[in-house]
Each structure stands twice: as C-alpha cells, then as structure tokens.
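Note on naming: letters A, B, ... go to the chains in the order of the sequence lines (proteins, then strands), and numbering restarts at 1 for each one.
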Amino acid sequence: MGHYVPHTDDEIATMLASIGLSSLDELFDVVPDALRLAAGLDMAPGLSEYDTADEMVRLADRNRTDLVCFAGGGAYDHDVPSAVRRVAFRTEFVTAYTPYQPEVAQGVLQALFEYQTLVARLAGVEVANASLYDGATACVEAVNLAVAATGRQTVWVSGGVHDTWRDTVRTFAAGTGHELVDVPLVDGRTSWPADGAPGAILLQHPNKLGCIEDLAEARAVADRTGALLLVAFDPVASGLLRTPGSLGADVVVGEGQPFGTPLSFGGPYLGLFTCRLEHVRRLPGRLVGETVDVADRRAYVTTLRTREQDIRREKASSNVCTNQTLIAVVCAIQLSWLGTAGLRELALRCARATRATHDAVLGIDGVTPMATAPYFREFGINLPLEPGVVVERMAEEGFLAGVPTDGGLVVAATERRTAAQIDAYADALRKVLS
Amino acid sequence: MGHYVPHTDDEIATMLASIGLSSLDELFDVVPDALRLAAGLDMAPGLSEYDTADEMVRLADRNRTDLVCFAGGGAYDHDVPSAVRRVAFRTEFVTAYTPYQPEVAQGVLQALFEYQTLVARLAGVEVANASLYDGATACVEAVNLAVAATGRQTVWVSGGVHDTWRDTVRTFAAGTGHELVDVPLVDGRTSWPADGAPGAILLQHPNKLGCIEDLAEARAVADRTGALLLVAFDPVASGLLRTPGSLGADVVVGEGQPFGTPLSFGGPYLGLFTCRLEHVRRLPGRLVGETVDVADRRAYVTTLRTREQDIRREKASSNVCTNQTLIAVVCAIQLSWLGTAGLRELALRCARATRATHDAVLGIDGVTPMATAPYFREFGINLPLEPGVVVERMAEEGFLAGVPTDGGLVVAATERRTAAQIDAYADALRKVLS
Amino acid sequence: MSSAAGGKATSIPLMGRDDEPTIFELSEPGRVAASFRDQGLPEWTAEELLPDWALADESVHLTEVSERDLVAHFTRLSHRQYSVDLGAYPLGSCTMKYNPKLCDEAAALPGLANVHPSAPASCTQGWLELLADLGDALCEVTGMAAITLQPPAGAAGELTGLLLMRAWHEAQGRQRTKVIIPDSAHGTNPASVTLGGYQTVTVPSDDRGLVDLEALRTVLDDDVAGIMLTNPNTLGLFEEDIADIAAAVHGVGGLLYYDGANLNAILGVTRPGDMGFDIVHMNLHKTFAVPHGGGGPGAGPVAVSERLAPFLPGPIPERRDDGGFGWMTPERSIGRVHGWHGNALALARAWSYILVNGGDGLRRVAEGAVLNANWVRHQLRGHYDIPFDRPNMHECVVSATNVRKRVGVKAIDVAKRLLEEGFHSPTTYFPLIVDEALMIEPTETESPQTLAALCEALIRIADDASDADHDAPRTTPVGRVDEARAARRLIPTWDARQEA
Amino acid sequence: MSSAAGGKATSIPLMGRDDEPTIFELSEPGRVAASFRDQGLPEWTAEELLPDWALADESVHLTEVSERDLVAHFTRLSHRQYSVDLGAYPLGSCTMKYNPKLCDEAAALPGLANVHPSAPASCTQGWLELLADLGDALCEVTGMAAITLQPPAGAAGELTGLLLMRAWHEAQGRQRTKVIIPDSAHGTNPASVTLGGYQTVTVPSDDRGLVDLEALRTVLDDDVAGIMLTNPNTLGLFEEDIADIAAAVHGVGGLLYYDGANLNAILGVTRPGDMGFDIVHMNLHKTFAVPHGGGGPGAGPVAVSERLAPFLPGPIPERRDDGGFGWMTPERSIGRVHGWHGNALALARAWSYILVNGGDGLRRVAEGAVLNANWVRHQLRGHYDIPFDRPNMHECVVSATNVRKRVGVKAIDVAKRLLEEGFHSPTTYFPLIVDEALMIEPTETESPQTLAALCEALIRIADDASDADHDAPRTTPVGRVDEARAARRLIPTWDARQEA
Ligand SMILES: Cc1ncc(COP(=O)(O)O)c(C=O)c1O
Ligand SMILES: Cc1ncc(COP(=O)(O)O)c(C=O)c1O
C-alpha cells in the first residue's frame, strides 16, 4: 500500500517533468533490462496498519509468555520500571542517528557519557565504550584487542564462558586466525594450564554454572604468562561482589540486558565493553568524550575517531559502526533508577531467590549439584532425565526450567521470583522427575 | 511507601530546623488535636510499583475484552492508529497544566487552536470551545446558553437524545430551574408539538435509534417558536451527512470519543461544544485565539476570559474550569490523521457495516425494526426476549450485542466490524432467540 | 546539597522560537495518512446507503497530510510546551506534582481501556471492583460514608454537591436560597452556586486570613442552605475554627461543603468528615496523580455523610454478598451527572496511585507538601511581602506589592521573569484578597535542591527587579503575548484567520 | 505546493542553550527511586549468601536520584536531540526515513518481548514462524536462496559474509588472500576484510563514478577470494556493468559480496541475486524501518545463493512438514555470530514493515526514494558542483568545492549552516573520492515541500556563503564543538573529569 510514501500523483508528475522524465519506470533506465524484475516481487500486497497489527498479535500469541522463568545463561528475567520504558523510548532517542553532528545531538551524547561512566564503575576500570552488539560479540572484540596488544595469537578460553559466547568467539577466530585453547572447569572453577604463553586469558565471572571464579588466581596466571586478563562479567554481580577491575582485569566485557531490557527472545541486547585507560586507543566502537563548544560551554562528542573504520579503514581497531546506543540509553536510565542502594538490593534479592531455589530443588531425589563452588544468581544441577526433556515437561507445568549445558541444567532466579513460585517450581520438578 | 517524596531524613531534619521545627508532626500544630487522625488512615501500606502493576492487571483481566462489540449509544468501537497514541501522549502534553502562561504553552495552545478549527468544521458553525467533559454535559451547557440567550426557561428535549444524556440534562435542570418538556419519537423521528414558546429545542442527529433526523424541519420549528436550535450530533456522521450548522443549528454539541479515544469504560471522553459566532460571549469553558507576541510573532492564547468563572465568578457563563484538553489533542491528531478523505471513508465504512448487520439480523424470526426511518451507523430492533437477557446470552456467545433502550436493542457496527464477525453475530443471535 | 536542581528545566530555552505552521498550512491536496482494515463487505456507495436529502454535497474539509508530517508537526509542538516532566511547576492551587509513570501504564491496560461502558456487570467485574475499592479508599481518606465517582472534574463535583444540598433541603421540606463562600474562594465556587440555583453570600476573611467567625455568624440564618470552604483555604492556611464554623452552620440547619482542591495538604493528618463537613469533592488530578493533560481531563468524585447518601447520583458500584459486584442507584438519587461512569481511566490512575502509596505513603505526601511550602515561605521572607506570615500548609501566598511600589514590577512581571529562569510561574492574582499575589505550591515531589534553586531565582528577581522585566520572558518560544488583541480581534479558528 | 515544509524542524533552532547537569550532579546522598516487589523470602544477608573473599567492601557508587528528577533529566536531554520525528535527516548512506509507529508497537508486544531466547521451540512457535516468514521475504527481495538473521548490524553482516566466503573457498580446497573493494567503499568494508583474514585490494572508479572494469580485470587473479560492492554504489549511481563484473569475478573463481546499505533504491526493481551476487547483507535499520536509536541497534541479515547455504551460521528457523517450526543448523556451518538469535525485536519491526507495505509498497518505496534524490540533484545544479552529474538512484553526492574556492567555506561549514536552517546535515566527506562531498539521501518519506525547503536552504547557504559561516551553527543547543580538544584532553567519564 506504500502508506509511507507521501507523494500524490500530481506531485509525482510535476517532479518527473522537472527532471525530464515521463514515468517512474524511467527512473530505473540505468538498470539493464536483463536485470529488471519484470513481474515484480512475489509477495503479498500491503495490509492496513490494523490488519498488520492483528497478524503481529497472532504471531505473538503463539509464544508461551505464561511460563514462570527460571532460565538465565546470559538473559535474565528482571523487572523494568515504567519510568525507564517511558523515558528511554522517547522518539528523540529512538529516531536519532549516530551523533555525527554533536551540536544537535547533545541528548544522545550526554546520555552515552553517563552510560560510559556508570558501566566503567560497574567494571571497575577507567574506560567504557558506547556499546557493542551483545555479550558474545564483546568477547570477540576483547580477544582481538588483547591479541593486537600482546602480538600473541594464542588465547586461553575458560569452559566457564557461556557455550554460545564461546561458539561466537570461535567463529570469528576463523577470520583472525587466533588460536583458541579451551580450558576446562573443575568443580565449577576454571583450572588453568601450568604453562604456555597466551596473548590473553578469557574467563567468565560468575561463570556459566553460576559459580564465582577466583579472579585473583586468574590475575596471577595472566601475570605469569604475560597475557591480558579478559573477564566476561555479570554486571548485576557488581552489586555485591568485588569488581573485575579491582581484581586486576585488563578488559571487562559483559551483557547489559539485565538493566532495563526485556528478554526479547535474545535481542537487541547490549554488549558492555570496558578496559584500562592504557588500552583506550585500541578500543573497539564509539567513545564519547566531554569537551567544550566555541563559547566554552560544556559539550559532548564522539572522540578518538581515528580508531574507527570510517577513518582508519582496513587498519581500524574494529569494523563496528552501528552499535546498540538505544539499549545503552535504556541501561543508563535503569542504572540511574536503581542507584547505588538499588543495585545492591537487586543483587541481594537475586542471590536470595537463587539460594531458596537451590535449597528447594536439591532436596529432590536424583537432583545433584554440578559444582560445589559458591554461586551467585544461578546454579547447575544434574538430573536423572535428559535436561532437554525436563525443560519440555516443565513447560507443560508452566515453568521455563533453566538452560541445559554440559549434560545438566542451569537454574536462575531473579528478584522477580517469589517464595510461592519457587515452591511451585520445586513441586513441579519433583513431579516431572518422579 | 511514599516512593515519590524524594526527601532524605537528613534533608527533612535540615529543612525542619531552618523553619524552627523539630518534627514533621509540628507542621500540623495548627490542626486542633480533636481533629487529628490519631491512628492514621485505615488503609493497606504502600506496594512496590510491580506489585501495584500486578494488582491492576488482575483487575483488568476480570473484564471481558474478548467481546466483539456491536454496542454504540454514544461510545463507539473505532480503530486508533499507533501514530495518534504515540504522539498525543507525549509527556509535554500529558503533564502540562492549563496554558495560563502562553509563552511556554504554545504547544498545547496551538493544538487546541487546530482542534477548534477541525471541530467547528465538522459542526458547520464558526466557533468551537477547547472542550467540555462529555456529550451529556455538553448538552447541559447548550441548554444553559440557550436559556440565557432567549431568557426563556422552557426547553423541548427530543426523546431521540441518548437516555443517559437526557437524564444528565434533567439532573442539572434541578439547579437552574429550567423546565424540560419531553418530545416523543414517532417511527424514529422527533415529532414536535404544534405550539408553545420554548427557549430552545434540543434534538440528537442521528438520534439514539440511529435514525437521521429532519434538521430542516427542526429549524422551522425553532424559527416558528423563536427558540434556539440545539443539535447533539455524531461527528462521524459529518463524513457523509450535511452538517448541523449548514442546516441552521445555533449550537452543535456532541461526543468526541469516536476520534482517537478507546471505549475506556465511558471516560475520559470529549464534550464537543460549538456555536454560531453571535453566541461566542456566552460560550462555556475555554477558548483559544490567535494573536501575536511583542515581536509580532504569531502566538496563541486563551481568550474572552471574562466569560469564565475565575474572573466573572457567580455571573460566569459556566462553572467549567478543568476540561478535557488532552482528549481534545488526541481528537485533533486523529482528525488530522483521518483527513478529508479518511473521514468520509470512515463514515462510509461504518454505514456499510451497519447496513450489513441490519440486513443479517432482520432476517431472524421475531426480530423487527424499532423504526423505519433511514439510519446511519446504528439501528434499533425489537426482540422476542427482554433485551437485557439477550445481551447476557450474547455475551456468552462472545458478543456485546448492543445497547438496550425503549424495550428494544440498538445495534451499532463500525469500520472495525468484518463480514465474518457480522455473520457470526447474526448466527449467535439466531441461536440465542431460538 | 548538590548544586544542581533536578526540577529546574535548564533546557527550557530550547523550545523553538520559530513558530510552527498550523496543520492546515502543512496540508497538501491528495495527501493521505489514513488506512482501514479489510472488512470484506460489499462496497456500497453512500447513495446506496443513505437518502439524498441527508447527504452532504461535498465532504467536510479537514487536513491532507502524511503520517510523517503529522507526527513531526505534533512532536515539534510538544517541544514548544512546558510540562511537569521538564521542570518544576509551583502553580498554587493546582498541585502540579510529578505523577508516577506506572499510573500511565495502568490506565493504558487493554483490559481497562477496551471495555464498553454499557457492557453488563457480568462482563465488567474488574472495573466494578476497582471503582468500589477506590470509592472505599476515598471515603476513608475524607472520613465520609458514601461516594459518587461520576463528576469529571472539581467544578462538576461542586455543582453535584450543591444539587445534593438542594435535594436534601427539599427532602426536609424547606426551600433555602443562600450559600456562603469566603472572599478567598476559587471562582468555580460562586459559579457553581449560581448553577445550583442559589445566591452567593460572601463572608470576609479576618486578619489571620481565616474565615471571620463573627462576620459569618451575622450572615447565618435559616435561609442559608450551606457554606463552601476549602481547608486549608486558598491562602494555604488551615481554618483553625472549623469546628465552631461547622457548629454554627449546622446550627441554622445548613450543610458544609468541602472543596477538596487542597486535600493534598492533610492526607492522613485530618479529614473533612471529622471536621464536620457533609459533602466533599476531591480533585483526583491534583491530589491523586492524574496528570493535568494541559487542562484536563481530571476527576472530581463527591463523598457525603450518611444522611446524604440516599441522594447520590447513580448508578453506584456495590459489593454483592456473593463477592461479586453490581450497580445500584440510591432511592432518592438526584440523577446522573455524567453520560457514563465518569472519567474511568482517570479513576484507574488514582487507584494505582493509592495502591503504590498506601496509607503510610499518603501521609508522607502531606508531610512533604507542607514542609516544602513552609520552607519556601521562610526563604522568601524579606524579599516579598507575606500578608499572612504564619505556618502554612501545602502552599504559601506571597505578594509582590513591595516590588511594585519600589520599581513598578508587578506579579505578572515576576511570573514572566521566572519563566526565563527555567521554572513555570506560580499562580498570580489569586486569591483575590491579596494584591500582586503569587501563590506558590511546590508539592511534595520537588527536592530541596529544586526548591533552593526556585527560591534563589525568585529572590534574584525581586531584588534585581527593573523596568526591563516588563519585556520578560525573552528566552521562551514566544515573547510576552498580546492577550488584549486576542479578545479585541477574535480569531478562534484557522478559518476565521483566513477571512480576517 | 503549500508554503510550509513538513519535514523542516522549525522548532529546532532554539533547542536549549543552557546545558543540562549530568545525572551525577543531580545525585544526592540517600535519594532513592528504586522499589522491589515483595518476594516473601527470608532476608538473608550478603554474608550469609556469599563468601567473604568475594564480597566487595563497599558497593559500587552509581547515582542517588528520585524518579521525578530522573524523568526530568532524561526528558530535558531529549529536548537537546535532533531526530527524524522532528525534521528531515538527509544523511546520505543512512536512509533516515520515517519509521511507521505501528512497528514500534509491534516490537513492544509482550508476546514477543517477554520470551526467553533459550525457551524450547515448542514454546516459541510464534517467533519461529515470524523469523521464517521474514527470512523468506528477504530472500525474495534480494533474490537469494537462504539466510541468517543473526548478524546484529551491517558490519557484522559483512564479516559474516567474508567468513562464509572463506569457508566456501576452503571447502573448494583453496586458500585465497585478497578481497577487492572499490575506492568509494564504506569504511566497514575494508575493516571487515581485515577481520575476515584477507588483504584489501582497492579498485578505482572511472570517470562515470562506476567501477573501472578494465582496472578490475588487471587485479583479478586466482588469489582473489571475491569483491565487495554496493549497488547503487556510495555515489548513488547504479553499477551498470554489474553483469560483466560478476562474470569477470566468477571467472577467476571469486565470489561477489553485496553490501545492502543502499538496497532501498532497488526494492522490487532489481535484485542482487539476479545481478550475480553470491552473498548479500541488508541493513534492516536503513531499508526496513528499524529506527536508528541514536546509533543502533540495527539488524544485518545475510542472504546467500544455494551453494553457500550449507555454510550459514546456525541455528536457523525452519518449517516442519507438520506445519510447525523448529531450529536447524547447516551441516558445514561457520558457527554462530551472535549470542542468541540476533536483534530479534528489530527483526519483528522489519517484518511488520514488510507486511504493511507488501510487494507493491516496497517498489513504491524505491520509486519515491529515487525520484526525490534525482529531483534534489536537479535543484542543486549550478549552486554546488556535481562531480557525476548523471541519473542517480536513492542519493546524490554533490561537492562544495566551488564554494570553498570562492569564499573558503567548506562542506563542514555548509553542514553546520544547514543545522541553523532546521534540517539535519547531509553526510560529509564521504565517499572519499569526492572532495568537499555532501552526500544527500532524502528518502521516500519526505514530501516535495520538504525537499523544496531543504534545497532552498542549501542553495541559500551556497550562494550567500561567507566567512561568518565558520561560526555556524549559532542557534543549536551548543555551538560548534571542539572535537580536537576532546581527543587531546580525553574525558571519557564523569570520574575522569573529576580527576582532570
Ligand atoms: C480551590 C479550587 N477549587 C476548585 C477548583 C476547580 O476544580 P476543577 O478545575 O477540577 O474543576 C480548583 C481548580 O483549579 C481550585 O483550585
Ligand atoms: C555503505 C555502507 N556499508 C556498510 C555500513 C555499515 O552498516 P552498519 O552501520 O549497520 O554496521 C554502512 C552504514 O552506515 C554503509 O553506509
């Protein structure tokens, strides 16, 4: 229906005439006949807005949103306050482009400056960029930075990094030629090789089984091997745990979805990328900095642009252009809404719900822990049944039971989970397993 | 929980000290002890935002929104495009107050100026105010204006005016002492008394049975009796029918809900009030006018304020202060979205759906028309069963069957109703009546 | 305290100076935004459906714009509009507090918004429960026995109340002609009195700024139907003699009407019912976080004491013994005052606000509002006249008389200057008994930092006042607007302008 | 045509001059906005739950603000931001078209937004059907056989495409080292080539602004893995020799990669697949109405021809014979390129956009875009240099060289001046082969009135250019920003500023 092309027939005729054409087809005379799509696209004709909305609702209704969520694995079921939604999705933020003209983009630029400050604090390092795609691709960029910084191609990757994140790192390593060495978890903690000279060591904290890693030890390994320490962290954990930066991480990346972004079937999410100041010139993606305007008024602008692809081209630190700015704005607003006390409270409530869930399910026959190491907001269990089957059966009971990994199931509980839901979950699991 | 009082305990202490108090209670020392609420309010403590939202959802889920709507009677089930919702509820419109300071209220003022223009055009008269509460109270104000203008207390009120609207007019007449004379419908049209000298005659067009009134005749009656002609119109009808103003109405009022406002269980709706220029000094409520600022720039401001209660006090033309501005803004945006062609198309589609429904149900045994006069977007039927019972039974079948009146049922169909829904409706009604 | 003020709209000057063309100027023949769903019906023509005599010769001309231009036009207009979400709005008597966003979302729930008002009770149990719960809560807050939620605004509540007064007196078999209001009353009070069929008798305020009890006694006789009061009154002062006033009015068989515009000040502290009031209206758009929407919609429920309950407008939601809900109409009801059930979605907002605050939170609201207003009065002392310099409640009324005498700068100039400082202006020239009145209601949602910045600005304005202030505001989308010309040369529509 | 321009943000020139304090300056110790639901769990302390060695000594300091101040702060920031919904955004290569609001609402549907990405297919049939439908539609639009929806942006799509190229060549048992790109290519192309493990070989454009076929032939050898092209290219010109180019590249066993940033120009007119391309990425945030969000998120699906399908990232949604949907991973998949399924909600927006437009509507989009861009080129002729003055597609690149020579006013000055006129600037200094380049892409959603106003402004700027233009913009929230200083004296966070 092309509702969104405003031109009237008269206007089209006038405009065509003024450029010396007599039909819209002539606009495409430069396209060789052989390449013209004679019959047009083989697609249904356009619908009205309302029929379109009805179809979208039909599709949405075919998803189970009634499931009480105990799944995590990098995507967490947190509450989002109305204020954050309302403000973050104001059309000035939603329909703006990259702030190439800072004089009319102070809104987005300042929001990103505040975002960078908040995220750098969570990571415990000096610099955060203006966002990357997601946690998985942030790991890829961290590896690239480290290899460039150390000139060493080998990277030790902990088995505690989410499976899909490791797969992603591996996919891109095929292009860069990095050599990835898988490092196993032993009772829920990464056990590093005795020797070797990697350019970087990458681990996740807390890791995919929910276990809290020994970052001090990891730092020691990095020092011993001359590698950079790359930590994929859960930013919510910084509400209670020491920050990776404070424990010596060189690059700290993570997934920002927990701050204001719904589960969204996996995207758009938010790639957090932070590092020590010494690495800022290798930082991937955009960076906003404070400066002044001609009248010496405070102003913000994207800076150190010479790192970027549009200027440095094949020598750029990364190929990232479009990032996840709007989600970064959401994150900044959500973190401001939580505030210092709220972040701690959020982390504490996740930990409490997880402990309660842990205690409830480990009482069930045949359920054993995947690891004994301390956990924060999720934990792994071994089951007498294939985890995929358990997930399907639990769905029939109204629960998303968890995320299967390493033959077990990782169960997460956020501040949204109540005692009643946790009890019901345990009862359902007992029923499914019996 | 008082989440919305920002003060910290330290700040409260500092502020109290600076005004010479030592406790919050002392703020209320001026309230005699005998009047103090010692025990506090007998109400539950505050909830979190999320628990509050859950409770609101619980209540919302107890309403049947699955019913396919064939009810009208002044509240119509129209589609509202996303663009209208998104723009009208921008926070600058939602959280602004009455434009007492025009220099910082040009947004609302210009939107109202555009609203007044659009609504005056629909009515076919020169002036529209900035909104009243709803269609029913707009009728009250019309009667008050007419009585003041003619100095005659008697008002002839057509039986074709919605029952609830007539009740409302009657309620307020108790205060003003107007004498209301009910004028009956005969086969769907108002049949005016031969003689009498009313200050005004009020009819609805199309009327509560959906029938198109003979406004030319009404004008003749008004001329003969020296009364003002007050017409409560359906603004959607102006998409096809002659406007009341073009047929001689002095005051044209109506319900603006059909333009962008969901059914909303009856409110907030929008009282449309328009009249001929000669009556502008008796206009109830606010009026926006165009003017200039000191620099001769175009500007808008509320005008002819001397009519209003805050200045004229007991001699004011009305007591209205707060009106329905936001709904007027919604209406202006919806009318702009519909546009000239869209309004006509909307009216035509309502008329088509209503005709199709009419033809489908009148084929059913025992169903007879309440009137044979031409109808526009709803029509009345007599049923072999008590209409209230039919409505209940039809609800079980998934339909809101219509609005009962005068022992019959008035059935309406908008542009949202499809051939399939109309057939299903007729089948259900056949089933219910058999 | 940190330097920056949260509630100061430091970006206010951002609003466009360039004027925005009207939607009519953006209109272009043939442009269309509208689209309609596929109905699958025969495409009957208008002529096939309707009689010729009824059909218009040509369709009403509205606009012809694209959705893109429509959205941009109204978005740009929104950038020319001040609002609570941009900055502080200390507009006395209007209670321009911050309204929690959760209330917006509650009111937008499809389960509430997509319900036809005529749907039978069996299909609207959620709505009925909500309205019944809200009614109970409002009765508890005001100390009354029964309530109607129909009145769509305060003034509508007032008139409803006066009609209840009239019905009650008639039921007692007496005709009364007068209603007393104080000289500080809001304009809607006398206007409503007239529409209620009564004459207004004005009673003066004494030097405390309170109702002059002696003067009141002199006008009280058995022709008095009742009295309308706000408490705290429009000066923001608590009517300390309210018990005596009530006794005196009741003594002559009159009723007391409570104008609830200032209820925010006493939530959980004291109740109109306990003060002796018989009829109470509330402005949910002031006290219970219904946003003002540029002038409305609001909601003005009216609560009454036991003896007036039988006269309330109907229908009223009621709890059934089976736990369900239904509608009932009081036997001696004055009839309905709204086409349906009042501004229902506004009522839903108010309910969500009450739920989130709870009884404890509502008391905090009053404490915050009164604390802020008293703090402001103390700050302004010495810079503005304070005609009634005593502990106030939720608002304080100061006067620019001294400034006018000194440099000829009036309250309106102060108001316009404040706009330049990034704040909305206080209410000016009301109440009428204070000249050069500036009525300041900070509300509880503004922080001490914001109040400090507001007071600094007001003080700077008073101390540095000069002739130049008559040219204020200079940083707003338009400069001072010529109101006189608007009335002299009336242009109420775009069409009138075309002819003009 | 009416005088007023719908797309001109006439309110922009006054966006706030006052700067807005940072959220950190608004922060006040003890202030809280957050609230949490009642979990009904034991209130274990952190020490009871976690080992001491892991616990932080003090919590990370974020902010301490009220919800009211939070909302006002970000609302005011939004008033300091230009956006498509405020006015025209003729930013070449970015396709800043108006995005229908219905797409926003589609993406906000709880049934789409509240689904965990790990939920089993049995619980996400709606999502799988949506993704499968979208994939089919995008394959039809591009003329390809299979697709991955995982890449979250164009650059990610490029790199995914290059890894597919590499995997394919390896499967053929050969190692190739070079990828050819034209000198007019976007920066992400060479950057992606490097990350794909290839060397970039640049081929010049000829005097038509098209790939120099002869020059191309000279660099083609069996070490060439493939070529990356946009068509229309970044000059907005259609590569007329594309068939010969494809033949030549395929002749040496290379693959053709299509950078879909300019797909808007050819929707329903011609297809990369028909031109001979093997791999195609689309920028759904350009062509399919995903709003840019201030820089993202977008979506960059990659479609491929039959022979490359087995290498696609997985999992991929597939239709089951029983009518249901499931996930499958191609047997020789290069692996995943995103943590989950890509920017799913952006994909949902795109699907709603395709549904509402349909095949017919998409062709109209291309027609409107190309018509607008050609009309603009004709208007600007004589005022700006037009290096390649021939029929263009969706955008035209003009040069301010003449203006610079005349009065020393550069492309950047023209861009800043245009901000004063209430429009966003065109893309400047890209493509690199045009000096003082101004790359103008009006998009199809701007009306002729808007284009006329835009061209008038651009012409006025060129004709009246003077030294004063170096001071532009003067009416924006801030004046010209010192970018050099930002890099020299790096302040990437509020904390760095405190130390600085
Ligand atoms: C003291 C007082 N009474 C009555 C009213 C009228 O209320 P409404 O505007 O809701 O009709 C107001 C409103 O400003 C007021 O301030
Ligand atoms: C021609 C061209 N190619 C590639 C890209 C990169 O796409 P994205 O920004 O989505 O990564 C762009 C974006 O501006 C572009 O214009």
Side-chain angles (χ1 to χ4, degrees), chain A residues 2 5-6 24 27 30 35 41 43 45-46 52 56 59-60 62-65 87 90-92 95-98 102-104 106-108 117 133-134 136 171 175 242 262-263 265-268 289-291 293-294 299 303 309-310 313-314 316 319 322-326 336 342 344 351 403 419, chain D residues 34 40 49 56 59 63 74 77-78 80-85 106 109 111 113-117 123 125-126 152-153 155 187 190-192 194 196-197 200 238 270 292-298 335 339-341 343-344 355-356 358-359 361 364 367-368 370 447 476 478-479 481 486 491 493-494:
Chain A
V5 183
L24 287 168
L27 289 169
V30 290
L35 302 183
L41 291 168
M43 286 170 65
T52 303
M56 295 303 291
L59 291 167
R62 296 195 59 207
N63 298 317
R64 296 266 320 260
T65 49
V87 176
R90 283 181 56 80
T91 203
E92 296 88 340
T95 70
Y97 195 65
T98 307
E103 296 83 2
V104 294
Q106 289 298 300
V108 163
T117 303
Y133 306 131
D134 71 346
T171 301
R242 297 173 192 279
L263 290 165
F265 204 49
E290 185 191 310
T291 181
D293 76 351
V294 278
T303 190
Q309 43 71 29
D310 54 330
R313 303 181 71 85
E314 55 266 54
N319 69 331
T322 289
N323 57 18
Q324 307 279 115
T325 297
L326 185 62
S336 303
R344 186 174 195 289
V403 179
Chain D
L49 294 165
S59 17
T63 58
F74 287 102
L77 282 186
S78 75
R80 291 164 66 77
Q81 178 63 48
Y82 195 91
S83 65
V84 169
D85 281 7
L109 286 171
N114 299 339
V115 180
H116 194 283
C123 300
Q125 287 293 297
S192 299
T194 303
T200 299
F238 192 84
T270 175
H292 285 76
W340 298 104
H341 315 303
N343 283 340
L355 282 173
V356 79
R364 292 251 205 99
E367 291 168 348
V370 175
S447 69
T476 42
V478 294
V481 168
I491 305 179
T493 64
W494 176 251

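For the side-chain contact (heavy atoms from CB on, under 4.5 Å) test, residues two or more places apart in sequence or in another chain that qualify with D:Val115 are A:Asn63, A:Thr65, A:Phe265, D:Thr124, D:Trp127. Evaluation of the side-chain contact (heavy atoms from CB on, under 4.5 Å) rule for A:Thr98 yields A:Tyr100, A:Arg286 as partners, not counting sequence neighbours.
Annotation: maximal heavy-atom pairing with chain A below 4.5 Å, among D:Gly368, D:Pro152, D:Ser59, occurs at D:Pro152. Note on A:Leu326, A:Val403, A:Asp310: by heavy-atom pairs under 4.5 Å with chain D, the leading option is A:Leu326. For the options A:Ala136, A:Ala60, A:Gly289, heavy-atom pairs under 4.5 Å to chain D are most numerous at A:Ala60. Options A:Val108, A:Val294, A:Val30, A:Thr117 differ in how many heavy-atom pairs under 4.5 Å they form with chain D, and the most are formed by A:Thr117. Contact count versus chain A (heavy atoms, under 4.5 Å) is highest, among D:Ala191, D:Pro297, D:Gly197, D:Gly359, for D:Pro297. Considering only heavy-atom pairs separated by less than 4.5 Å from chain D, the leading option among A:Arg344, A:Met43, A:Arg64, A:Arg62 is A:Arg62. Contact count versus chain D (heavy atoms, under 4.5 Å) is highest, among A:Leu41, A:Leu263, A:Asp134, A:Thr95, for A:Thr95. The candidate with the highest count of non-hydrogen atom pairs below 4.5 Å against chain A, out of D:Ala106, D:Gly298, D:Ala486, D:Gly335, is D:Ala486. Counting heavy-atom pairs under 4.5 Å between each of D:Gly196, D:Gly187, D:Ser192 and chain A puts D:Gly187 at the top. Of the listed residues A:Thr303, A:Thr91, A:Asp293, the one with more heavy-atom pairs under 4.5 angstrom with chain D than any other is A:Asp293.
The minimum heavy-atom distance between A:Leu27 and D:Glu367, with the atom names listed, is CD1-O, 3.7 Å. Nearest heavy atom pair, residue A:Ala96 against residue D:Gln81, reads CB-NE2, 3.4 Å. In this structure, D:Thr194 and A:Glu314 approach most closely via the heavy-atom pair OG1-O, 2.8 Å. Closest non-hydrogen pair, D:Gly479 versus A:Glu103, comes out as O-CG, 3.3 Å. The two residues A:Arg90 and D:Ser78 come nearest to each other via the heavy atoms NE-OG, 2.8 Å. Smallest separation of non-hydrogen atoms from D:Thr270 and A:Leu35: OG1-O, 2.8 Å.
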Item to complete: Report the C-alpha separation of A:Ser336 and D:Phe74 in whole Å, then their side-chain angles, then the decisive distance to 0.1 Å, and conclude whether the side chain to side chain contact (heavy atoms under 4.5 Å, CB included) test is met.
Response: CA-CA 11 Å; A:Ser336 303; D:Phe74 287 102; 4.2 Å; yes
Practice prompt. Could you please spell out the steps behind the side chain to side chain contact (heavy atoms under 4.5 Å, CB included) verdict for D:Arg364 and A:Leu24?
Written response: CA-CA 10 Å; D:Arg364 292 251 205 99; A:Leu24 287 168; over 6 Å; no
Discussion item. Would D:Leu109 and A:Met56 count as a side chain to side chain contact (heavy atoms under 4.5 Å, CB included) here? Give the steps.
Written reply: CA-CA 8 Å; D:Leu109 286 171; A:Met56 295 303 291; 3.9 Å; yes
Fill in: Chi angles and distances behind the side chain to side chain contact (heavy atoms under 4.5 Å, CB included) call for D:Thr476, A:Gln106
CA-CA 10 Å; D:Thr476 42; A:Gln106 289 298 300; over 6 Å; no
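Remark: side-chain polar atoms of A:Asn319 are paired, donor with acceptor, to backbone N or O of D:Ala155 under 3.5 angstrom. No donor-acceptor pair under 3.5 Å is formed between the side chain of A:Thr322 and the backbone N or O of D:Ala153.
The shortest side-chain heavy-atom distance between D:Arg80 and A:Val104 does not fall under the 4.5 Å cut-off. Between A:Thr325 and D:His292, the closest side-chain pair of non-hydrogen atoms is not below 4.5 Å.
A:Ala351 touches chain D through backbone and side chain together, each having a heavy atom under 4.5 Å away.
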